[in-house]
Each structure stands twice: as C-alpha cells, then as structure tokens.
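As structure tokens, the structure follows; a few thoughts come after it.
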Number of protein chains: 2
Amino acid sequence: MGTDLMFKALADPTRRKILHILNDGEKSAGQIAEQFSISAPSMSHHFNILKQADLIYARRDGQQIYYALNTTVFQDLVTVVLDLLGAHISEREKSE
Amino acid sequence: MGTDLMFKALADPTRRKILHILNDGEKSAGQIAEQFSISAPSMSHHFNILKQADLIYARRDGQQIYYALNTTVFQDLVTVVLDLLGAHISEREKSE
DNA sequence: CATATAATTAGATAATTAGCTAAATACCGT
DNA sequence: ACGGTATTTAGCTAATTATCTAATTATATG
C-alpha cells in the first residue's frame, strides 16, 4: 500500500487541487491543465506522481489521456490516517 | 485549518513514525529520539514541523519537553481527505 | 554558583523536487 | 504520408528540506 508515495503525492497543493478537480468525474490532461497557470510538462509531472501513488489512473481515448480518481486508495488513506490516530474501529463501524 | 502544513508534515516517514509512537500517550523528546538513529537536533526539527502543523503539542515539565498527539486535528485531516474524495457526509453521519 | 542534563537554535551541506524549455511520441484528419 | 494537436520524456535550474556539528538556552542539583 505505498504509504510513503501516497503522502508525498498529497504534500503538494497543485496535486491536491488536481484531485479536487477530478471529484466530479474524469477529465483529460488538457482539461485539467486549463485550470492552472503551469506548463503542460509540469502538469504531466504531477499526473505521473499521482499515478505512481496510485491516487489516479489514466486511460487513453484517441489523442487525449483521461485521468480519474482511484477512490479505493482514498479509503486506504483514511485507514492509514485513522491508524496514526490509533482509532480502533469496530467491524460494525467499518461496514456502515 | 493549515492543510498544506499538515500534509507536508505527514510527507516524511520519520514524522509519521513519531506520530505512531505518540499513539500510546505523551513522551519526552528524548524518549522519542531513542527510537531513531538520527541526531537530537534533527529530531527537534521534526518536532517543530509537527507542532507548526498542529499535529502535536508540547508541554515542558522540568528539563523535559513532552509531546502528545493533537487528536482533534486528525479528525480535520480525515475530513479533508474525505473532501478530496468528494464524499458527501450527511449531518447525521458526521455527528455519530 | 558551577556543573550536568535535556532540548533547542544557528549555520552549513547534500539530496530532493517543482518548475521551465526543447525535443520526442502518439494519434487524428486530409 | 504530412501537418496538426495532445501529451509525455529529457535535461536543466532554483528552491526546499533532511541531516549534520557546534553553540545556546533552560532546568536541576550538589
């Protein structure tokens, strides 16, 4: 569960904003990049880090590459955070 | 809610281990440092970053400085993560 | 008050990283 | 096959950061 890559990926505000944008569905690299004043290669760099951290996945459709949140990994992240907290979640609580 | 400082603080594995150690109650700087092969000043640096991120707080007792988790900020962290996920938590769910 | 202990602050250095431009790759339409 | 668009890869640089040693601050005790 690459915890280190995950937290390092989340440490950058640009990358957190990318994740936020992906909240309402997948978007192409270009559509995402539009919302930043950062060069395309720099954006690509961020996509790559998010991908390595398994926070997003990529799918090519024609000329575009579409990115989407990997929501299952966010569940893992919540688990890690709760573990840092030492929260002991009962089975009942986990499933509801 | 210093989100950026919080994630940056969590990006380092040494700091995450410190938080883990603090799970079972407050400990002095020295007691924590024992469990690492890192110089005391470096440890102090990490404590400072965790403190600025509001993830821990410090209390002096004689010669020792005792650190403890600031658990309320972890709750905020979970909220931020869930928000990145786009989870829409109802008021009822929040309060239980 | 002098010394010892706990921890910090100051200052330096090596490694990491976010950003850039230029070049390459992949796909589309004519 | 060629020209155009979308995106990535390569290579560089400036800024950040984790670590160190040396010096400082704060407290306790004989």
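Because only heavy atoms are used, hydrogens play no part in the values below, and waters and symmetry mates are left out as well, while side chains stay in. Residue numbers start from 1 in every chain, and the chains themselves are labelled A, B, ... in the order their sequence lines are given, proteins ahead of strands. Keep in mind it's a predicted model, so treat the numbers as computed, not measured.
Partner of B/L77 under the side chain to side chain contact (heavy atoms under 4.5 Å, CB included) criterion, chosen from B/T3, B/L10, B/T72: B/L10.
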Notebook entry, point to check: Hey, mind stepping through B/Y67 and B/F47 against ring-ring contact (aromatic ring centres under 6.0 Å, His included) and telling me if it holds?
Noted result: CA-CA 8 Å; B/Y67 288 103; B/F47 297 145; 4.5 Å; yes

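Applying the 4.0 Å criterion to OP1 and OP2 of D/dA6, one finds that A/Y67 has every side-chain N and O outside that range. In this model, the phosphate group of D/dT19 is not approached by any side-chain N or O of B/S39 to a distance below 4.0 Å at OP1 or OP2. At least one side-chain nitrogen or oxygen of A/H46 sits closer than 4.0 Å to the OP1 or OP2 atom of C/dG19. Regarding contacts with the backbone of C/dC20, a side-chain N or O of A/S42 is found under 4.0 angstrom from either OP1 or OP2. Distances shorter than 4.0 Å separate none of the side-chain N or O atoms of B/S28 from OP1 or OP2 on C/dA6.
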The contact string for nucleotides 22-30 of chain C, one letter per nucleotide 5' to 3', using protein heavy atoms under 4.0 Å with B, S and - for base, sugar-phosphate only and none, comes out as B---SBS--

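Between the C1' atom of C/dT9 and the NZ atom of B/K51 lies a distance of 12 Å, rounded to the nearest Å. Between the NE2 atom of A/H45 and the C1' atom of D/dT9 there is a distance of 13 Å, rounded to whole Å. Computed from coordinates, the B/D4 CG to C/dA18 P distance equals 12 Å when rounded to whole Å. To the nearest angstrom, C1' of C/dA10 lies 13 Å from CG of B/N48. With rounding to whole Å, B/K17 atom NZ is found 17 Å from D/dA18 atom P. Rounded to whole Å, the distance from CZ on B/R59 to C1' on C/dA7 is 15 Å. The CD atom of B/Q31 sits 15 Å away from the C1' atom of C/dT5 (whole-angstrom rounding). Whole-Å rounding puts the B/I38 CD1 to D/dT17 P distance at 17 Å.
One finds the CG atom of B/L22 at 10.0 Å from the OH atom of B/Y57 (value rounded to the nearest 0.5 Å).
Where B/Q64 and A/T14 each meet DNA chain C at their nearest nucleotide, the meeting point lying more 5' is that of B/Q64. With DNA chain C read from its 5' end, the first of the two nearest nucleotides for A/S37 and B/S44 is the one closest to B/S44.
When all heavy atoms of A/D4 and B/R16 are compared, the closest pair comes out as OD1-NH2, 2.9 Å.
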